[in-house]
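This one's a predicted model, so the numbers in the text were calculated from it and none came from an experiment. This chain uses plain numbering: 1 for the first residue, then up along the sequence.
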Amino acid sequence: MEIQISDLRQVCNLLCTHLEQQGHRSVKIPYDYYWNIPNTVRYDVYTPPSNFTIGQLSNDWNELKNMWGSQHEPLFYGFVWLSAILRAIGETYSR
């Protein structure tokens with residue numbers, strides 16, 4: 001699969017606009033810690049994962065803010081942190 005960056009940006013903008021149109025100017029996530037499946041086994045769907053790690057949404061967000069605030073150079077790993085935040089938003093607001 002290949003995704004154009006411009007298409008990815010449009011989808012992100014569309015979803016953020018949708019939140020705003022529903023009256024949300026901020027998002028509140030009611031939890032902080034989450035289970036994470038290490039990337040070494042995440043995409044091996046034939047082997048059930050067993051070595052889960054713990055992630056923390058507040059830490060993910062702080063890392064992203066540090067990149068955004070120019071305290072650190074952007075990292076590709078920022079997409080991993082962002083994905084945890086976006087998943088939590090989607091799961092919280094789609095109830």
Side-chain angles (χ1 to χ4, degrees):
M1 174 171 50
E2 185 171 338
I3 299 172
Q4 297 295 316
I5 302 303
S6 59
D7 292 343
L8 181 61
R9 182 177 288 115
Q10 284 185 332
V11 168
C12 290
N13 286 336
L14 175 70
L15 292 172
C16 287
T17 298
H18 178 66
L19 273 171
E20 290 175 332
Q21 289 173 341
Q22 297 301 310
H24 301 286
R25 297 295 174 246
S26 65
V27 290
K28 186 171 187 169
I29 301 171
Y31 30 78
D32 193 19
Y33 293 94
Y34 60 92
W35 288 109
N36 186 46
I37 302 172
N39 65 343
T40 55
V41 296
R42 181 178 302 118
Y43 302 105
D44 180 4
V45 297
Y46 301 105
T47 305
S50 60
N51 295 328
F52 297 97
T53 59
I54 295 175
Q56 186 175 10
L57 293 169
S58 58
N59 184 60
D60 296 340
W61 185 243
N62 285 332
E63 293 292 344
L64 290 167
K65 288 193 312 186
N66 286 339
M67 285 193 308
W68 174 34
S70 299
Q71 294 179 21
H72 302 288
E73 290 293 316
L75 304 170
F76 284 118
Y77 200 80
F79 284 106
V80 175
W81 296 321
L82 181 59
S83 69
I85 299 293
L86 294 176
R87 177 182 294 273
I89 292 169
E91 291 172 346
T92 299
Y93 286 87
S94 63
R95 296 182 196 173

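- Grouped with L15 in one hydrophobic cluster are V11, the linkage being side-chain heavy-atom contacts under 4.5 Å among Ile, Leu, Val, Met, Phe, Trp and Tyr residues.
- Atom CZ of F52 has more than 12 neighbouring heavy atoms from other residues, nucleotides or ligands inside a 6.0 Å radius.
- Within a 6.0 Å radius of CG in N13, more than 12 heavy atoms belonging to other residues, nucleotides or ligands are found.
- The two residues N36 and G55 make their nearest non-hydrogen contact at CB-N, 4.5 Å.
- Smallest separation of non-hydrogen atoms from T47 and D44: OG1-OD2, 3.0 Å.
- With values rounded to the nearest 0.5 angstrom, H24 atom NE2 is found 12.0 Å from C16 atom SG.
- Here CG of D60 is found 8.5 Å from CG of D32. Values are rounded to the nearest 0.5 Å.
- For R9, the CZ atom is loosely surrounded, since the number of other residues' heavy atoms within 6.0 Å does not exceed 12.
- S58 and Q56 are linked by a side-chain donor-acceptor pair at a separation below 3.5 angstrom, with hydrogens and angles left out of the test.
- Using a 4.5 Å cut-off between side-chain heavy atoms of Ile, Leu, Val, Met, Phe, Trp and Tyr, with links allowed through other members, I37 and I54 fall into the same hydrophobic cluster.
- Under a 4.5 Å side-chain heavy-atom cut-off, the cluster of Ile, Leu, Val, Met, Phe, Trp and Tyr residues that includes L82 is completed by L19, V27, I29, Y31, Y34, L57, W61, L64, M67, L75, Y77, V80, W81, I85, L86, I89, Y93.
- Taken to the nearest 0.5 Å, the CD atom of E63 stands 5.0 Å off from the CG atom of N59.
- In this structure, Y43 is not a member of the same hydrophobic cluster as V41, with clusters built from ILVMFWY side-chain heavy atoms closer than 4.5 Å.
- Considering every non-hydrogen atom in both E20 and R25, the closest pair reads O-NH1, 2.9 Å.
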